[in-house]
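What follows is one structure encoded as structure tokens, with my remarks underneath.
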Amino acid sequence: MFVMLKRFLLLLTLSLLSPWAWAEAVKVEGVRLWAAPDNTRVVLDVSAPVDHRVFTLAGPDRVVIDLSKSQYRAAAVSIPENSLVTRVRNGARDNGDLRLVLDLRSSTTPKSFLLPPNEQYGHRLVIDLADQQQAKAQQPVKTVQQVAGKARNVVIAIDAGHGGEDPGANGKFGTREKNVTLAIARELKKLLDAEPGMSGYLVRDGDYYVSLRDRIKRAHQANADLFVSIHADAFQDRRVHGSSVYVLSRRGASSEMARILAQSENASDLVGGVSLNDKDPLLQSVLLDLSQNASIEASTVVAENVLNQLKGIGKVHKKEVQRAGFVVLKSPDIPSILVETAFISNPDEERRLQNRSHQQKLASSLLTGIRGYFRSNPPPGTLMAQMSPTRPMQHVIQRGDTLTKIAQRYEVSLNALKNANGLRSDRVMVGDVLRIPSADS
């Protein structure tokens, strides 16, 4: 009778306790920091999803993270030199919660979210801290609006794929895609900066994460004439090898146009230098569609140039330019290409990707393809338009070209274009070579 009474009292006690009293505490198993020029990302490796609260305190500036029913089990935290965070402190609270305090160099507005496990990591709590002082100090590398009468450089936005918390694909020997892409991007920037009339802008210049939409935004801020995203592919079959070049698919373009038109915050967007803010919905749609089509056409020509150059340094995985709905290709007014330089999952190609000489060859191939396009198609108001032997100029007919589009591109009249080439009709064939007359013809 006494034993049964003890069991009853024990069960009664457990039933009255809150679930957290006997549930296993969430463990913070690691703390990692990634510092970008204008923000710092703090990643907590946790054993399970965790309820949390994030708030800021001043005097001095700091961010406080309260984790419900949690324990700190992380090793020493490594803090990057340019991090907004100067120190990470932790302490257990009386109610079983855990408090982490991030001491800061300056104030910030934190954002937090949970991430599920993936191939690289388990459960994570991510806290993004914008460095407001640095964000204000950041200036575009180039601006289209320069001193009147002075030409500008052609600006190429170079996007090193992945970065920071997102390592991309891993090779058999431990090579990380994010490191390879950054190395190639830096080599390409060196070559572009040394090229008369051209300059490179690195979307990321370090081991930190940049969201896909922010990559496009940064290219716009730099007033880029071309966006080049660099990657190193992976596949389960390690024998698969070769390079590929992608442009935006028509389906991806349609979905992006719908997204822009549907979101009120995009109403003031500039498309091809024209504001959509004061246009009615139908005209917005027409302008956006024209801009996107022109961007895809230009992207395809650049991609074909680059692919032809890549064929000269190794085998290609796809002999034709590929089309896909990658987010980073969705700028409606900046021609954009994505280059899969090789398969990092292939051991032979992984070794080559680690080799600086091969990285330089890849960068040189990209430069040659890009330079060839802009020599034939220099944007108005650029140094390349002045330097290029463009009068008289030749244009090779590509898919989608029409005489009207070509005349508009080179700022000549349709009649002058037809007269210069002895054309009696508007019909042209892919591969035909047209002579472009002078602008005053």
Side-chain angles (χ1 to χ4, degrees), residues 34-41 80 82 128 130-131 134-144 152-169 176-195 198-233 245-248 252 256 269-270 295 298-299 302-303 306 324-341 353 359 362-363 366-367 369-370 373-374:
W34 309 94
D38 57 358
N39 69 86
T40 295
R41 168 164 285 193
N82 59 335
D128 280 335
D131 192 331
Q134 287 297 321
K136 291 178 181 179
Q138 292 289 314
Q139 296 293 331
V141 173
K142 293 287 174 184
T143 59
V144 173
R152 64 178 180 86
N153 280 353
V154 169
V155 180
I156 312 300
I158 313 164
D159 172 41
H162 307 281
E165 179 68 6
D166 174 18
R176 290 190 164 188
E177 182 180 2
K178 66 176 182 178
N179 297 329
V180 167
T181 60
L182 182 57
I184 297 170
R186 285 172 170 167
E187 293 293 342
L188 178 56
K189 176 173 167 51
K190 288 179 185 177
L191 295 176
L192 285 166
D193 290 345
E195 189 72 21
M198 304 186 79
S199 61
Y201 166 73
L202 290 173
V203 172
R204 74 171 175 95
D205 191 14
D207 188 12
Y208 49 83
Y209 176 78
V210 181
S211 72
L212 299 180
R213 295 285 178 190
D214 278 347
R215 293 170 192 258
I216 299 174
K217 181 179 178 181
R218 293 185 182 197
H220 276 94
Q221 290 173 341
N223 292 297
D225 299 285
L226 176 69
F227 181 92
V228 180
S229 191
I230 300 174
H231 291 258
D233 217 338
V245 184
Y246 289 82
V247 298
L248 182 63
E256 183 66 8
D269 277 359
L270 288 174
S295 178
S299 301
V302 179
V306 168
F326 295 126
V327 172
V328 291
L329 298 178
K330 289 187 174 183
S331 173
D333 54 353
I334 302 178
S336 304
I337 66 173
L338 185 147
V339 181
E340 294 284 6
T341 55
L353 287 171
Q359 293 170 358
L362 287 168
L366 297 179
L367 170 69
I370 294 167
Y373 170 79
F374 282 108

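Values in this document were obtained by computation on a predicted structure and should not be read as measured data. Throughout, residue positions are numbered sequentially from 1 according to the sequence presented.
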Legend entry - Gly200 backbone acceptor or donor facing Asp193 side chain under 3.5 Å: yes

Inset, instruction - Look up atom OG in Ser211 and atom CG in Asp128, then write down how far apart they are to the nearest 0.5 Å. - result: 9.0 Å

Legend entry - Pairwise side-chain contact, Phe326 with Tyr246, heavy-atom cut-off 4.5 Å (strictly under): yes

Legend entry - His220 side chain reached by Ser331 side chain, heavy atoms, under 4.5 Å: yes

Legend entry - For Ala219 against Tyr201, the heavy-atom pair lying closest together: N-CE2, 4.5 Å

Inset, instruction - List the atom of Val247, the atom of Leu329, and the distance in Å for their closest heavy-atom pair. - result: C-CD1, 3.5 Å

Inset, instruction - Please examine the side chains of Arg204 and Asp159, heavy atoms only from C-beta on, and report whether any two atoms are closer than 4.5 Å. - result: no

Legend entry - Donor-acceptor contact present, side-chain Arg41 to main-chain Ala35, <3.5 Å: no

Inset, instruction - Please examine the side chains of Ile158 and Leu188, heavy atoms only from C-beta on, and report whether any two atoms are closer than 4.5 Å. - result: yes

Inset, instruction - Look at the side chain of Arg215 and the backbone N and O of Ala160, then say whether any donor-acceptor pair between them is shorter than 3.5 Å. - result: yes

Inset, instruction - Calculate, to the nearest 0.5 Å, the distance between atoms CG and CD1 belonging to Leu366 and Ile184 respectively. - result: 8.0 Å

Legend entry - Side-chain (Ser299) to main-chain (Ser336) donor-acceptor, under 3.5 angstrom: yes

Inset, instruction - Just do the side chain to side chain contact (heavy atoms under 4.5 Å, CB included) check on Val180 and Arg176 with the steps written out, would you? - result: CA-CA 7 Å; Val180 167; Arg176 290 190 164 188; over 6 Å; no

Legend entry - Note, Met198 side chain near Ile156 side chain (heavy atom, < 4.5 Å): yes

Legend entry - Taking every non-hydrogen atom, the tightest pair across Pro167 and His162: C-CB, 4.1 Å

Legend entry - Expected output: side-chain Glu177 to main-chain Gly168 donor-acceptor under 3.5 Å: no

Legend entry - Validation row: Val245, Glu340 side chains within 4.5 angstrom (heavy atoms): no

Inset, instruction - Could you give me the CA-CA distance, side-chain angles and deciding distance for Asp333 and Ser295, then say whether side chain to side chain contact (heavy atoms under 4.5 Å, CB included) is met? - result: CA-CA 6 Å; Asp333 54 353; Ser295 178; 6.0 Å; no

Inset, instruction - Would you please say whether a donor-acceptor pair under 3.5 Å links the side chains of Thr181 and Asn179? - result: no

Legend entry - Interatomic spacing from CG in Leu338 to NE2 in His231 - rounded to 0.5 Å: 4.0 Å

Inset, instruction - Run through Val339, Ile230, Leu353 and flag the one making a side chain to side chain contact (heavy atoms under 4.5 Å, CB included) with Leu362. - result: Leu353

Inset, instruction - Flag the pair Asp225 / Arg152 as yes when at least one side-chain heavy-atom distance between them is below 4.5 Å, and no otherwise. - result: yes

Legend entry - N-O pairing of Asp207 and Lys178 below 4.0 Å: yes

Legend entry - Straight-line distance of Asn39 CG to Trp34 CH2, nearest 0.5 Å: 13.0 Å

Legend entry - Inter-residue atom distance Tyr208.OH - Asn82.CG, 0.5 Å rounding: 9.0 Å

Legend entry - Reported CD1-to-CD1 distance for the pair Ile337 and Ile370, which is rounded to 0.5 angstrom: 5.5 Å

Legend entry - SB check Arg218 Asp214 (cutoff 4.0 Å): no

Legend entry - Check: Leu226 and Pro335 side chains under 4.5 Å, non-hydrogen atoms: yes

